[in-house]
Amino acid sequence: MIDEFAKDTLHGRLRRDREALLWKLDGLSEYDARRPLTATGTNLLGLVKHVATVEARYFGEVFGRPSPEPLSRWQDHDGSDLWVAEDESRDRITGFYRRTWEHADATIGALPLDAPGHVPWWPEPHSGTNLFAVMVHVLGETVRHTGHADILREGLDGRTGLRPEHEKPIDEEARAAYRAKIERAAAGSAASAPPVGSGSRPDF
């Protein structure tokens, strides 16, 4: 009973956050969906491509159920799953992600939580694992990158939220006042704090 509850809970959260990640592309131009938005090149469509690849690998070859999607060998990883080439359409990337969900969901549905798996790219002695550990790992990856997408999207046009039905109209005046309050608190704290490294020397 507890195993089914745990599986259903993890799976439900994974489904929710998959959709949230895709929603962060809603209404964006091709350029804004793809362009690097941090110094390290993080971009929204690349996040989707990366998380799709993560799911395809972990719910595929780890359990001897290879993904039907074409994947490069994990040994040949070169970071190309983190950005989108000119000839890769948005529909291609999002379609890849949705088809990966189907394969992953079939793996999750077919196996018990203690089903053994093998992650060849994990160092020994950690390569042996099970479905429960993989579900937690993939959910963590998805949540982490959906959080990245939240911040990137807010920086582009101010849109925030977890799901479309919870999105509220942007109140620029209220946001500005809230941000100013936080800025005042930060500035006040900095003004009253002693200079870094100016603490008195302890007595020994």
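Side chains are part of it too, since the values below use all heavy atoms of this structure and drop only hydrogens, waters and symmetry mates.
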OG1 (Thr160) and CD (Glu167) are apart, to the nearest 0.5 Å, by 7.0 Å
Mind listing the closest non-hydrogen atom pair of Ala33 and Arg90 along with its distance? CB-NH2, 3.9 Å
Which pairs would a plain distance check flag for residues 176-187, meaning a side-chain donor or acceptor within less than 3.5 Å of a matching protein atom at least two apart in sequence or in another chain?
none

Using a 4.5 Å cut-off on heavy atoms from C-beta on, say whether the side chain of Thr142 contacts that of Val138. yes
With distance as the sole test, does Thr38 use its side chain to make a donor-acceptor pair with the main-chain N or O of Thr42 at under 3.5 Å? yes
I need the minimum non-hydrogen distance between Val48 and Leu25, along with the two atoms involved. CG2-CD1, 4.0 Å
Quick check: are there more than 12 heavy atoms from other residues, nucleotides or ligands sitting under 6.0 Å from CD of Gln75? yes
Any donor and acceptor pair, going by atom type alone, linking the side chain of Arg16 with main-chain N or O of His11 inside 3.5 Å? no
Give me the one residue out of His145, His148, His77 that meets ring pair (Phe, Tyr, Trp, His ring centres under 6.0 Å) with His50. His145
Any pair counted as side-chain hydrogen bond (donor to acceptor under 3.5 Å, both in side chains), so long as it reaches residues 93-103, sequence neighbours left out: Glu69-Arg99
Pairing residues for Arg35 by the side-chain contact (heavy atoms from CB on, under 4.5 Å) criterion, not counting sequence neighbours: Tyr31, Asp32, Leu37, Leu156
Close side-chain approach of Leu47 to Leu152, heavy-atom, < 4.5 Å: yes
Using modelled atom types and a 3.5 Å cut-off, is there a donor and acceptor pairing between side-chain atoms of Lys7 and backbone atoms of Met135? no
What I'd like to find out is whether the side chain of Asp105 reaches to under 4.5 Å of the side chain of Arg15, using heavy atoms alone. yes
Checking the side chain of Asp17 only, and the main-chain atoms of Ala20 only, is there a donor and an acceptor separated by less than 3.5 Å? no
So which pairs with a foot in residues 143-156 pass salt bridge (Lys or Arg N to Asp or Glu O under 4.0 Å), sequence neighbours left out? Lys24-Asp150, Arg153-Asp157
Would you give the length of the straight line joining atom CG of Leu82 to atom OG1 of Thr53, rounded to the nearest 0.5 angstrom? 8.5 Å
Under 4.5 Å between any side-chain heavy atoms of Phe132 and Asp3, yes or no? no
Please name the pair of heavy atoms, one in Arg65 and one in Ala110, separated by the smallest distance, quoted to 0.1 Å. NH1-CB, 3.9 Å
Tell me the closest heavy-atom pair linking Ser80 and Lys49, and the distance in Å. O-NZ, 2.9 Å
In the hydrophobic clustering (ILVMFWY, side-chain contacts below 4.5 Å, transitive), which residues join Ile170, or is it alone? none
Let me know which of Val54, Val134, Leu111 forms a side-chain contact (heavy atoms from CB on, under 4.5 Å) with Phe59. Val134
Side-chain heavy atoms of Glu61 within contact of Trp121, under 4.5 Å: yes
Check: Asp26 and Arg159 side chains under 4.5 Å, non-hydrogen atoms: yes
Nearest heavy-atom approach of Leu131 to Phe63 is CA-CZ, 3.5 Å
Do you know which two heavy atoms are closest between Ala56 and Ser67, and how far apart they sit? O-CB, 3.8 Å
Membership question, hydrophobic clusters at under 4.5 Å side-chain separation (ILVMFWY): are Trp23 and Leu44 in the same one? no
Quick one: list whatever passes ring-ring contact (aromatic ring centres under 6.0 Å, His included) with His137, sequence neighbours left out. Tyr58, Trp122
Determine whether the side chains of Ser89 and Asp91 contain a donor N or O and an acceptor N or O closer than 3.5 Å. no
Tell me if a side-chain donor or acceptor on Ser127 pairs with a main-chain N or O of Glu124 at a distance below 3.5 Å. no
